[in-house]
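First up is the structure itself, then whatever we jot down about it.
For the single chain, residues carry numbers from 1 onward in sequence order. Small disclaimer: the values here were computed from a predicted structure and weren't measured.
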Amino acid sequence: MPFPSGTTGAGRFSEMTSNDIHILVQEGEGTTLEFKERLSRSFAREVVAMANTIGGRILLGVRDDRTVIGIEDSNNLRARIQDIARNCDPPVSAVVESVDNIVVVHVRESAAKPVQCSDGFYWRQGAVTQKLTRNEIRDFFQSEGAIRFDVSPCPHFNYPADFDLDKYRAWLRLSGITGQPAIEDVLVNIDAAERANGGLLFRNAGVLLFAKDVRRFLRHAYVTCLLAKGVDKTHILDRKDFDGGVVSDIEEAMRFIERNTRLAYRIEGLRREEVPEYPMKALREAITNALMHRDWFINGANVFVEMYTDRIEVVSPGGLPKGMTLSNLGHGSVRRNVLVADLLHRIRFIEKAGTGIGRMRAEAREAGCPAPEFDVRGMFFVATFRPNPSVRVGGPVTGAGSPDRLRQEEAPYVTRDVTPQVTPQVTPQVRRLLAALSGTMSREQLREAVGLKDDKHFRSAYMRPALQAGLIEMTRPDKPRSSKQRYRVTAAGRAYMKAESSQEPRGSVRATRNP
């Protein structure tokens with residue numbers, strides 16, 4: 001029997017085909033797609049979650065692992081589905097159809113958010129349905145009047161003339177979709193575009209990923225990478241703008257960083273282990289987050305990756321999304337651009353919602369680098385990364401990058417072993433602090449341990465340099481002024497002290513610029 005159709009935040013409802021279902025099952029669950037074996041109590045949560053986000057589809061008869069088990073279509077099943085939708089507050093509009101042995105429930109995005117069921121308020125974060133807290137519900141009421149950039153149409157985009165087939169094919173390979181599905185079917189099913197007037201109307205998210213010339217439509221859609229001489233922008237050694245689309249911009253920004261940072265190696269027995277100057281995985285996560293979470297309504301600003309002699313900063317326009325504060329970073333997720341996030345999630349550029357900050361911290365720690373620092377400067381959100389101190393104080397320079405840009409005096413990564421006349425970056429005060437630090441200690445205990453009474457001098461000459469070099473760390477980094485704050489030696493600090501105690505350390509580090 002025919003089913004009604006209409007326009008929603010997730011596209012136009014129309015009768016689906018077996019091929020459509022095959023594509024959806026291959027894509028897997030995401031912001032706009034949920035699999036359920038049968039109609040259960042949790043179904044109402046999925047309905048309100050999609051109505052509170054951008055709409056979507058629920059496939060009954062499919063397991064979470066994409067196994068199709070099927071479900072019997074019946075008038076009773078359809079009546080139960082409609083009862084659930086009508087009993088939401090406010091009621092949710094749902095369209096039901098059966099394709100082969102799967103029942104598809106199309107859920108419209110609600111025009112009267114937030115929507116609740118008897119279990120509470122829910123929304124979609126990636127493939128996960130999350131319950132809204134009281135504060136999130138309050139923020140939802142405050143913010144839902146705004147138009148979302150990523151799902152808004154781009155009327156000047158002409159398909160297929162402006163469509164980049166190579167970018168699409170690259171995305172398709174990474175998504176894991178197999179076979180030869182029709183391009184238009186995939187674009188509609190992933191919500192990058194919708195059918196309109198016999199053709200395709202692209203959304204801004206689709207333009208960001210699949211346009212031949214992204215800046216023709218979105219002039220601020222680019223990433224600027226710059227390399228500075230020193231700790232500020234007084235002398236810029238190199239600058240590049242990348243505007244090939246979200247996926248390309250992430251890759252090009254990482255190549256720029258890799259070209260302009262050191263790649264060291266450590267010899268352990270007969271094995272050679274690479275030691276990066278910066279936590280590359282964490283930086284990739286930060287750049288991805290900057291593009292995914294930036295406020296695209298700020299037309300006069302773009303994402304920056306700024307490299308200085310003592311740090312790398314990733315700067316994103318828009319500050320923190322509403323509902324997020326610096327203190328709860330890493331403990332929750334509010335995504336400003338849910339469709340961009342979903343398209344990146346499908347190609348595994350991001351993981352589960354809310355884990356990015358935690359992964360950045362963990363990856364920095366694993367790479368022997370200080371924990372990243374996060375700050376809001378006006379309308380910009382800034383993530384700052386410090387170098388691996390083992391590379392900075394490691395062995396001799398064994399290679400070179402571009403001599404005119406990366407001279408040794410611009411990045412003095414040499415040691416006493418090779419050039420005794422050069423003062424090492426780890427000062428005697430810091431070495432003294434490291435020797436005095438046992439287990440975890442408060443600042444007052446540390447000051448007494450090194451025999452100082454002047455707290456201001458102790459903080460400036462001892463504590464701050466040790467923290468900035470990543471040789472010591474706070475036990476409560478999210479609460480730096482806590483009365484319970486304690487300090488401990490990091491893995492990098494222990495490695496440095498071990499190297500200090502041996503004339504020829506077995507795990508010596510040699511540093512070289514990346515080619």
[Y] and [X], any side-chain heavy atoms less than 4.5 Å apart:
X: R173; Y: T178; value: no
X: V62; Y: T67; value: no
X: W123; Y: L132; value: yes
X: E97; Y: H106; value: yes
X: N388; Y: Y278; value: no
X: F163; Y: V207; value: no
X: L343; Y: I190; value: yes
X: P90; Y: Q116; value: no

Between [X] (side chain only) and [Y] (backbone N and O only), is there a donor and an acceptor less than 3.5 Å apart?
X: N337; Y: M292; result: yes
X: D375; Y: V382; result: no
X: N189; Y: D185; result: yes
X: K131; Y: G120; result: no
X: E363; Y: A282; result: yes
X: N158; Y: A161; result: no
X: D150; Y: L339; result: yes
X: E29; Y: F35; result: yes

Checklist entry - Distance under 6.0 Å and angle within 45° of the ring axis: does R311 meet both against F385? => result no

Next on the checklist: Is the positively charged end of R294 above the ring of F380, judged by distance under 6.0 angstrom from the centroid and angle within 45° of the axis?
Outcome noted: no

Is it the case that [X] and [Y] place a side-chain donor and acceptor less than 3.5 Å from each other?
X: R124; Y: T53; value: no
X: T17; Y: N19; value: no
X: D191; Y: T32; value: yes
X: T261; Y: E277; value: no
X: E27; Y: S175; value: no
X: S42; Y: K36; value: yes
X: N302; Y: T224; value: yes

Contact summary for [X] and [Y], nearest pair of heavy atoms:
X: L201; Y: A196; value: CB-CB, 4.1 Å
X: C88; Y: V48; value: SG-CG1, 3.4 Å
X: R386; Y: P279; value: O-CD, 4.3 Å
X: V25; Y: R66; value: O-CD, 3.2 Å
X: A253; Y: I287; value: CB-CD1, 3.9 Å

[X] atom [atom1], over 12 foreign heavy atoms within 6.0 Å:
X: E251; atom1: CD; result: yes
X: R38; atom1: CZ; result: no
X: E72; atom1: CD; result: no
X: N75; atom1: CG; result: no

Next on the checklist: Between L200 and E194, is the side-chain contact (heavy atoms from CB on, under 4.5 Å) condition met? List the steps.
Outcome noted: CA-CA 6 Å; L200 286 188; E194 60 183 274; over 6 Å; no

Interatomic distance, [X] atom [atom1] to [Y] atom [atom2] [nearest 0.5 angstrom]:
X: I177; Y: H22; atom1: CD1; atom2: NE2; result: 9.0 Å
X: E46; Y: E34; atom1: CD; atom2: CD; result: 4.0 Å
X: L344; Y: F349; atom1: CG; atom2: CZ; result: 7.0 Å
X: E373; Y: R361; atom1: CD; atom2: CZ; result: 11.0 Å
X: L33; Y: I23; atom1: CG; atom2: CD1; result: 12.0 Å
X: R57; Y: I102; atom1: CZ; atom2: CD1; result: 13.0 Å

Item to check | Test side-chain contact (heavy atoms from CB on, under 4.5 Å) applied to L226 and M307, step by step | outcome: CA-CA 6 Å; L226 61 85; M307 302 183 65; over 6 Å; no

Item to check | Working for salt bridge (charged side-chain N to carboxylate O under 4.0 Å, His left out), residues R255 and E258 | outcome: CA-CA 5 Å; R255 291 189 185 99; E258 289 166 356; over 6 Å; no

Item to check | side-chain contact (heavy atoms from CB on, under 4.5 Å) assessment of V92 paired with R108 | outcome: CA-CA 7 Å; V92 172; R108 283 190 174 94; 5.7 Å; no

Would you call [X]-[Y] a salt bridge at under 4.0 Å N-O?
X: D243; Y: R216; answer: no
X: D83; Y: R86; answer: yes
X: D238; Y: K240; answer: yes
X: E473; Y: R365; answer: no
X: D162; Y: K212; answer: no

Next on the checklist: Run N204 and V151 through side-chain contact (heavy atoms from CB on, under 4.5 Å) and show every step you take.
Outcome noted: CA-CA 6 Å; N204 286 328; V151 299; over 6 Å; no

Next on the checklist: Checking F242 against Y222 for the ring-ring contact (aromatic ring centres under 6.0 Å, His included) test, could you report, in this order, the C-alpha distance in whole Å, the side-chain angles of both residues, the deciding distance, and whether it holds?
Outcome noted: CA-CA 5 Å; F242 301 112; Y222 64 101; over 10 Å; no

Checklist entry - Is the distance between the ring centroids of F202 and Y159 under 6.0 Å? => result yes

Checklist entry - Once the angle between the rings of F217 and F157 is folded into 0 to 90°, is it parallel (under 30°), tilted (30 to 60°) or perpendicular (over 60°)? => result tilted

Next on the checklist: Determine whether E366 and R359 satisfy the following criterion, salt bridge (charged side-chain N to carboxylate O under 4.0 Å, His left out), listing intermediate values before the conclusion.
Outcome noted: CA-CA 10 Å; E366 184 179 342; R359 274 202 313 278; over 6 Å; no

